[in-house]
Amino acid sequence: MVHHPRLPGIPAQVGGHEERSRHQPAQAPRFPEGGTGLWRRRGGPRRRLRGRARRVRAGRVCGQKGGRQQRQRARDDPARRRQRRPAHPRATRRPGAARPAAQACRTDGLAGAAPERSVRPQPQPRRHQGSLGQGQGRHRPGRRLSNPTFSHFESIRIWETGDPTRRQVDGWLGRTLATSYDSNGHPLTGCACGATDAPGALRDLQATLTVIQNQKTFGFTGGTEVEAAVGALYKATPGIYGALFDTAIATATETMATLRTSASTYHPMADYTDQVKLVYSSKNQLAAALQLAAELIVTGTGVKLLHVTLGGFDTHYTELNRHDDLMGYLDSAVSAFYKDLAAHNMADKVLIATWSEFGRRPKENASGGTDHGAAAPLLLIGDPVNGGLYGAEPSLTSLDNTGNLKYSVDFRSVYQEILSGHLGADAPKILGSSFDRIPFLKAPVVV
Amino acid sequence: MAPRAISRGITRRQALAAALATGVGVGAIRLIGGSMQQLATSRSATASGWISPLSSESARVMHLLRRTTLGYTPSQLEAALADGFNKTVDRLLESKPAEPPAFATADAPGGRFAIAQLQQWWLDHMLSTATPFAERMTLFWHGHFTTDYRKAANNTFVYWQNLTWRRMAMTDLRSMLLQVTTDPAMLRYLDLATSTGQNPNENYSRELMELFTMGAGNYTEDDVRESAKALAGWQLPPPDSVGTGNNNQRLPVYSSQKAGVFNPRRAYRGSVTYLGKTGPLDAEGVIDRILAQPSTATLIAGKVARQFVHGRPSDDYVARLGDAFRRSKYDVKALMHAVFTSPEFTADKSYRGLVKSPTEFMVGAARALGASSLSKVIASSGSGMGQSLFDPPDVNGWPNNESWISSNTVVARVNFVTAALGQVMGTLPPAEEAIHGQIDGVLSQQTASLLTGAADDRGRWFITLASPEFQLK
């Protein structure tokens with residue numbers, strides 16, 4: 001349990017539920033006992049709480065808002081039960097979230113707070129929203145830098161490798177595939193859907209990875225005869241690369257056979273539509289990619305890690321409409337995906353996580369958009385997730401010295417929880433070290 | 001639903017481990033004369049490998065050409081066979097690089113033209129140049145002194161960089177490093193253009209030492225900081241004029257190639273302590289200090305050995321090449337001469353010991369077919385195989401050998417062969433020539449049986465170009 005001091009705007013508990021406690025014990029210290037140590041000491045002697053005051057701070061007193069009884073009731077309360085279901089856009093949309101006309105302003109009504117006036121639109125409030133931060137830019141051992149990088153491609157590499165020092169070249173999911181999943185028997189353990197080349201997060205020399213842009217066109221041009229000929233051609237090749245050719249062609253032909261089988265047995269139970277008018281970028285095929293992902297999951301191909309992409313969020317100009325449209329599209333695609341999985345009884349096994357290389361600046365620029373920023377929210381969706389806001393509510397008034405949002409959660413903590421809590425993998429081995437635990441998952445599920 | 005279990009021989013991990021050992025496979029066959037006759041297998045201890053033909057001079061010439069040119073036509077092969085191995089080496093090293101034709105839209109404002117056009121321009125040149133070794137070396141330096149067109153943000157700079165890399169490809173390392181440091185695309189890519197004496201940026205100084213010259217572990221963090229100070233002050237060249245872009249932005253227009261300029265007002269004033277010596281230092285001084293370290297020659301020699309000789313060269317061999325490089329005052333020609341005349345280059349162990357990179361494979365296939373208009377197909381197929389020109393995955397460049405083989409890349413390579421054969425209209429050159437000229441007639445059982453079973457010449461070309469034999473060099 002991560003403790004936070006009683007600063008305004010910070011929920012008392014992390015996870016569990018969203019209600020903020022307004023209880024202010026007398027003489028509360030300004031920093032937590034234990035906890036993440038992210039908060040700076042404000043001055044004054046450190047005060048230790050004793051007895052009931054201490055338990056109140058820890059949220060363990062009956063009758064206290066946020067106490068155990070409260071959480072228990074929240075779980076059983078039918079009015080609250082709606083919120084415990086996985087994300088459905090209409091459940092979280094606030095009817096009163098109309099934007100004032102002149103300003104590009106959207107309320108973040110997640111915790112029932114008064115809408116903050118902002119000069120940039122915030123993402124559509126979603127259930128299971130976490131607040132996370134940018135990795136720390138170029139971080140060399142022995143010296144701590146806090147300058148995040150605002151370069152797309154350096155930042156993407158940091159998120160993909162999970163290594164701000166840029167020493168790693170393999171993707172964190174690629175390392176997971178190579179170390180934790182024996183690909184013997186399942187050619188489709190890791191799959192990038194809707195992509196043309198291997199995404200960096202899944203890249204690892206030793207990982208068996210398949211990239212399927214479109215299940216209908218994946219294969220040899222020339223059909224099954226070519227497939228048979230090439231399969232024979234590459235089998236039992238001599239020389240030091242012979243074995244590699246062998247496994248490569250075996251994986252390819254088995255993937256094609258698997259896709260043919262799953263295409264015949266899969267019937268989508270939701271409406272995936274890519275016919276969405278986006279203000280920006282017509283190349284997005286997220287719904288099609290998610291439909292392929294659903295097909296691979298529900299037909300039992302043994303897939304463990306899937307990767308899809310939605311582009312267009314680099315909104316340096318006219319952000320409001322573009323962002324709205326993109327989030328709406330994301331909404332509809334992910335909802336269809338979830339609905340499909342639920343109809344096939346697979347929803348409890350699938351965790352959906354989003355990532356993006358950076359956030360945006362709070363202050364808008366001269367073109368009605370925003371430039372590259374630091375902290376950004378990361379969305380975690382699905383039945384395995386314990387809903388709520390994790391990390392600090394982003395403050396638009398307390399910014400860092402470059403005018404960017406301050407982050408409160410290291411992105412590698414999220415990776416760690418996904419790896420150890422959902423995938424059952426060895427997180428410290430894959431990520432290189434341990435990070436603060438963010439318990440956003442329910443009881444560990446070994447998939 | 002429980003996943004279906006499919007039994008398969010070995011995993012990718014095991015296959016990679018097997019590459020370290022002697023390899024798993026059946027014996028190969030060798031063609032004698034013009035007909036495909038099967039010899040008795042298990043002739044020697046290397047029965048699980050390819051039967052190396054490198055004892056014959058003509059096979060050695062073909063081996064050399066495969067590794068130094070991006071593929072060859074039958075007539076080029078004949079000329080080289082007539083010259084013999086040594087004379088071919090001299091000819092390759094001494095020919096002056098043929099300049100490509102000027103790129104048409106190099107003066108677009110802000111360099112905003114599609115990178116695919118530039119890729120096709122370079123591929124057209126690769127397919128028709130008279131000095132393909134210069135292109136091979138340009139590709140090598142492109143993968144060593146890496147730049148990504150996305151971050152360079154001006155494709156005109158990327159075009160200039162290609163011209164510079166070609167001109168400097170076979171000169172000495174000192175002048176190369178100077179040109180690399182002042183190259184506008186590189187100034188942008190590794191942030192040297194925004195580095196000032198007040199606020200030095202360490203990106204270029206770190207990669208210069210870690211990736212381009214000495215290698216990690218041969219310098220300290222202080223050296224990185226100090227050389228960042230010494231290198232600060234270089235900036236992009238001023239444009240010749242200003243043009244307008246899409247949103248009425250003002251974009252720079254360059255009418256001729258320029259290098260970066262040094263601005264003394266932005267430089268660092270004072271002395272730095274770098275690699276053991278203290279004093280005022282500029283970019284040339286930094287490079288001289290780097291070249292005084294022994295590890296520079298070793299790193300570059302190692303990289304050359306891994307790309308031209310064998311995936312895992314012995315330390316002793318690399319040390320020898322490094323010494324030769326250093327003794328020749330870092331002359332790249334001398335290094336390459338040492339590589340090609342070394343016994344390891346034509347040893348049986350090196351036969352088919354490397355995997356062709358996607359560009360080499362595709363350009364080689366096009367040249368073997370005699371088709372010189374395939375640049376568009378090649379440019380669009382590159383990314384599916386893992387190599388898109390001007391777009392390396394990161395500053396390390398492209399990984400090598402084993403990483404070119406995966407399920408997706410194999411499918412992409414075969415599909416490229418289908419597309420290329422589809423584009424070549426009319427009669428193809430005889431496939432028999434290709435089987436002997438391109439893949440030495442040394443085939444595996446499967447390839448040989450498929451070739452005998454092929455219906456027509458087109459089928460034989462397909463098998464030849466798609467075969468694992470043609471993927472290796």
Side-chain angles (χ1 to χ4, degrees), chain A residues 138 140 142-143 151-154 157 169 178 182-187 196-198 200 203 205-211 218-222 226 229-230 232-252 254-255 258 298-303 317 346 367, chain B residues 1-16 18-19 22-28 48-50 148 150-151 202-203 221 311 352-353 355 383-384 386 393-394 396 399 401-403 405-411 414-415 418-419 444-447 450 463 466-468 471-472:
Chain A
R138 290 184 71 82
R140 292 288 157 185
R143 208 161 61 107
S151 144
H152 279 285
F153 101 141
E154 280 172 16
R157 292 299 292 152
V169 289
D182 182 14
S183 57
N184 193 12
H186 304 296
T196 44
D197 52 343
R203 207 179 292 146
L205 184 59
Q206 304 193 328
T208 301
L209 173 66
T210 309
V211 178
F218 181 79
F220 294 107
T221 45
V226 172
V230 178
L233 188 60
Y234 279 82
K235 222 204 295 248
T237 306
I240 54 175
Y241 301 108
L244 265 182
F245 278 119
D246 202 349
T247 40
I249 204 65
T251 308
E254 280 165 21
T255 307
T258 310
V298 307
T299 51
T301 54
V303 68
Y317 53 93
M346 294 292 271
S367 323
Chain B
M1 219 184 290
R4 220 169 60 237
I6 306 162
S7 67
R8 206 145 36 89
I10 52 177
T11 65
R12 185 175 168 85
R13 271 194 121 172
Q14 289 164 339
L16 281 164
T22 50
V24 182
V26 302
S48 60
W50 301 103
D148 186 312
R150 280 179 249 261
K151 187 162 175 198
E202 293 171 18
N203 203 0
E221 286 301 310
R352 289 192 181 154
V355 181
S383 69
D394 57 38
N396 280 305
N401 291 328
E402 288 91 0
S403 57
I405 308 171
S406 76
S407 56
N408 279 96
T409 57
V410 164
V411 175
V414 173
N415 286 344
T418 315
S444 68
Q445 312 268 12
Q446 287 73 35
T447 314
L450 281 165
I463 301 288
S467 67
Q471 310 305 317
L472 302 172

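Sequence lines set the chain letters: A, B, ... in the order given, protein chains first and strands last, and positions in each chain run from 1.
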Minimum heavy-atom separation for B:P393 and A:R203, please, with both atom names.
CB-NH1, 3.6 Å
Can you name the nearest heavy-atom pair linking B:A466 to A:Y234, along with the distance?
O-OH, 2.5 Å
Need one label for B:L472: side chain, backbone, both or neither, based on atoms under 4.5 Å from any heavy atom in chain A.
side chain
Closest heavy-atom pair, B:G353 versus A:I240, reported as atoms and distance to 0.1 Å, is O-CD1, 4.1 Å
Most heavy-atom pairs under 4.5 Å with chain B, out of A:T255, A:L233, A:T210, A:I249, belong to A:L233
Closest non-hydrogen atom pair, B:E402 against A:Y241:
OE2-CE2, 4.0 Å
Per-residue contact mode, A:V230 against chain B (heavy atom under 4.5 angstrom):
side chain
Is it the side chain or the backbone of B:N415 that comes within 4.5 Å of chain A heavy atoms, both, or neither?
both
